[in-house]
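We use all heavy atoms of the structure for the numbers below, so side chains are in, but hydrogens, waters and symmetry mates are not.
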Amino acid sequence: MSNASRPLTRHEVKAQNSRAYLLQQRDEYIRRYGEDLGAFHFLMMLLKTQGAKAHRRGDIQALRLLANDLHALYVKHTQ
């Protein structure tokens, strides 16, 4: 939460807009596919986006963490 006595910084506005966009995307996926499948599609979109950003940066550790998270999700829902 920001202090009401000062305007938001450029970074704070960007973070706020990003969060609002992600919530809008999540709601759209849920509306289109239903609660469970919509949440899954949203999660996959986030993983793809974060993976692409990590790949562009050359961040191998972030890619490993994403792969481990995806594998854990797969194991949780297939057993």
Side-chain angles (χ1 to χ4, degrees):
M1 298 289 161
S2 67
N3 186 355
S5 65
R6 68 168 177 82
L8 296 176
T9 64
R10 187 176 297 161
H11 177 71
E12 290 169 333
V13 169
K14 185 176 179 181
Q16 190 177 45
N17 290 342
S18 177
R19 182 178 187 280
Y21 175 75
L22 286 176
L23 291 175
Q24 177 187 5
Q25 287 294 102
R26 183 197 63 189
D27 293 344
E28 178 62 25
Y29 278 117
I30 289 173
R31 184 192 63 74
R32 187 180 308 163
Y33 299 112
E35 187 71 32
D36 292 336
L37 190 56
F40 178 73
H41 275 286
F42 178 70
L43 176 64
M44 294 305 295
M45 184 267 303
L46 284 178
L47 287 172
K48 179 180 177 240
T49 302
Q50 293 303 314
K53 288 179 181 180
H55 183 265
R56 280 194 300 273
R57 288 190 315 263
D59 190 351
I60 301 300
Q61 184 63 26
L63 288 171
R64 285 188 181 127
L65 290 173
L66 284 171
N68 287 338
D69 290 345
L70 187 57
H71 179 70
L73 182 67
Y74 171 78
V75 168
K76 177 182 177 183
H77 292 286
T78 57
Q79 294 184 2

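Under a 4.5 Å side-chain heavy-atom cut-off, the cluster of Ile, Leu, Val, Met, Phe, Trp and Tyr residues that includes Ile30 has no other member.
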Check: residues 18-27 side-chain donor-acceptor pairs under 3.5 Å, at least two apart:
none

Cut-off 3.5 Å, no hydrogens considered: what does the side-chain donor-acceptor table look like for residues 52-60, sequence neighbours left out?
| unit_1 | atom_1 | unit_2 | atom_2 | d |
| --- | --- | --- | --- | --- |
| Arg57 | NH2 | Asp59 | OD2 | 3.4 |
| Asp59 | OD1 | Gln61 | N | 3.4 |
| Asp59 | OD1 | Ala62 | N | 3.2 |

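Partners of Thr78 by side chain to side chain contact (heavy atoms under 4.5 Å, CB included), not counting sequence neighbours, listed by chain and number: Tyr74. A search for ring pair (Phe, Tyr, Trp, His ring centres under 6.0 Å) contacts involving Tyr33 returns His41, not counting sequence neighbours.
Taking CG from Leu66 and CG from Leu46, the interatomic distance works out to 10.0 Å, rounded to the nearest 0.5 Å. Rounding to the nearest 0.5 angstrom, the gap separating the CZ atom in Arg64 from the CG atom in Asp69 is 14.0 Å.
Note on Leu70: it clusters hydrophobically with Leu43, by side-chain heavy-atom contacts below 4.5 Å among ILVMFWY residues.
Residues Thr9 and Glu12 come closest through the heavy atom pair N-OE1, 2.9 Å.
Applying the salt bridge (charged side-chain N to carboxylate O under 4.0 Å, His left out) test to every pair with at least one member in residues 30-48, sequence neighbours left out, gives these pairs: Glu28-Arg31, Glu28-Arg32.
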